[in-house]
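Structure first, commentary second.
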Amino acid sequence: ELSLTPYVGAGWGYGGALMTGKKAGNRQGTEPGGHGQAWTWEAGVLLNVLDFAGITMGYNYLNMELNGHSTVTGSTVESHFGSVGVRFTY
């Protein structure tokens, strides 16, 4: 039998990052990329097609509010991600 299972999720955290790259003069450097809070939420559905397999479809939103090195006034980075996949259970 086919069955539909919805899901939702959310999270919050704090973190930072380093960026590595080539600068003018072919000098490689690593610099802080900022730090701040991040939060996310997601929602989707699982369509169970067999007892051990199903198809998932979902959406994820990520928001990072960075402050620090090159973000003196702060900047917000947003990400929107949709996914479709196959899930196997055992």
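On a predicted model such as this, the values are computed, not experimentally measured, just so you know.
- Val84 and Phe81 are not part of a single hydrophobic cluster, where members link through side-chain heavy atoms under 4.5 Å apart.
- Between the CH2 atom in Trp41 and the OH atom in Tyr59 there is a gap of 5.0 Å [rounded to 0.5 Å].
- Note on Val86: it clusters hydrophobically with Phe52, by side-chain heavy-atom contacts below 4.5 Å among ILVMFWY residues.
- Residues Met57 and Val8 do not share a hydrophobic cluster, defined by chaining ILVMFWY side chains whose heavy atoms lie under 4.5 Å apart.
- The distance from atom CD of Glu65 to atom NE2 of His35, rounded to the nearest 0.5 Å, is 13.0 Å.
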Val77 vs Asn63, side chain to side chain contact (heavy atoms under 4.5 Å, CB included): CA-CA, chis, key distance, verdict: CA-CA 6 Å; Val77 178; Asn63 180 295; over 6 Å; no
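- Here CG of Leu4 is found 11.0 Å from CD1 of Ile55. Values are rounded to the nearest 0.5 Å.
- The minimum heavy-atom distance between Asn60 and Leu62, with the atom names listed, is OD1-N, 4.1 Å.
- Tyr7 and Gly58 make their closest contact through OH-CA, 3.7 Å (heavy atoms, listed as atom of the first residue, atom of the second, distance).
- Shortest non-hydrogen contact noted between Gln37 and Tyr14 is N-CD1, 3.7 Å.
- Side-chain contact between Glu42 and Thr40: absent, with no pair of heavy atoms (C-beta onward) separated by less than 4.5 Å.
- At a threshold of 4.5 Å between side-chain heavy atoms, the hydrophobic network of Ile, Leu, Val, Met, Phe, Trp and Tyr places Trp12 and Met64 in two separate groups.
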